[in-house]
Amino acid sequence: AQSVTQLGSHVSVSEGALVLLRCNYSSSVPPYLFWYVQYPNQGLQLLLKYTTGATLVKGINGFEAEFKKSETSFHLTKPSAHMSDAAEYFCAVSDPDFGNEKLTFGTGTRLTIIP
Amino acid sequence: DAGITQSPRYKITETGRQVTLMCHQTWSHSYMFWYRQDLGHGLRLIYYSAAADITDKGEVPDGYVVSRSKTENFPLTLESATRSQTSVYFCASRLRTTGYNEQFFGPGTRLTVL
């Protein structure tokens, strides 16, 4: 079964600084990869996704992520953090063992922006 | 366009009571999912459904029952609630397509079992 590891349950960055949230997955078969964002008391919203093609994926709100098959990673970045980026971020990966029907989520990273 | 809705948004119940959480989507998505979100665990899949009358267990199905008689509805029932089922529950849906499987999430139901 697929597993997803998000390094760092809490990340703090200064406003204007680089945001880097890490995600690694276990499958040797390239899955479909997603980053979701959750604002307080809300459901999850899709930030970006990788399916096929270009390995650098751009999403909403200036975020991007790069799929690196050799490292089984899909790290999320943003060049300059804004206060509005404060939220919880989840990496999710499809499970090829189940025909990609299901997603496996990481445990989440809470991003705090320091003014 | 209502999308995907959940009701109630907040629920307090007592141990041993039966509770049903409702999920409704207006997109005619084939797939629907139920997750629970707990600190330190992220989202864990409880049950999912590929179509009406087709359901399957996820990672943590014990203590939960689902049904799907209509495409748009996917209720989750806790037959005899326990304190360990205190959690935030999210419903999600997606289209049946080949390839990627982006899921759309409801706003969640916060359940407290006393």
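This structure is a prediction, so every number in the text was calculated from the model and none was measured. By convention in this document, chain letters (A, B, ...) are assigned in the order of the sequence lines, proteins followed by strands, and residues within each chain are numbered from 1.
- Contact annotation for A/L44: both backbone and side-chain heavy atoms come within less than 4.5 Å of a heavy atom of chain B.
- Linking Ile, Leu, Val, Met, Phe, Trp and Tyr whenever their side-chain heavy atoms come within less than 4.5 Å puts B/V66 and B/V60 in one cluster.
- A/Q45 does not touch chain B: none of its heavy atoms, backbone or side chain, sits under 4.5 Å away.
- One hydrophobic cluster, built from ILVMFWY side chains closer than 4.5 Å, holds both A/Y50 and A/I60.
- Of all heavy-atom pairs between B/F90 and A/Q38, the closest is CZ-NE2, 3.2 Å.
- In this structure, B/Q103 and A/Y36 approach most closely via the heavy-atom pair O-OH, 2.8 Å.
- A/F67 and A/F63 fall within the same hydrophobic cluster, where Ile, Leu, Val, Met, Phe, Trp and Tyr residues are linked whenever their side-chain heavy atoms come under 4.5 Å apart, directly or through other members.
- In terms of hydrophobic clustering, with Ile, Leu, Val, Met, Phe, Trp and Tyr side chains grouped at heavy-atom distances under 4.5 Å, A/L76 and A/F74 are assigned to a common cluster.
- There is a path of hydrophobic side-chain contacts, each under 4.5 Å, that joins B/W34 to B/M32.
- Across all non-hydrogen atoms, the minimal contact from A/F90 to B/Q37 is CZ-NE2, 3.1 Å.
- Here the closest heavy-atom approach between residue B/R9 and residue A/N41 is recorded as NH2-O, 3.8 Å.
- For a residue to count as touching a neighbouring chain, one of its non-hydrogen atoms must lie under 4.5 Å from one of that chain's; by this rule B/L43 touches chain A with backbone and side chain alike.
- Contacts between residues 104-114 of chain B and chain A, counted as heavy-atom pairs separated by less than 4.5 Å, involve B/F105, B/G106, B/P107, B/R110.
- In this structure, A/I114 places its CD1 atom where more than 12 heavy-atom neighbours from other residues, nucleotides or ligands lie under 6.0 Å away.
- Distance CD/B/E102 to CG/A/L48: 10.5 Å, rounded to 0.5 Å.
- Counting all heavy atoms, side chain and backbone alike, A/K102 lies closest to B/K57 at NZ-O, 4.5 Å.
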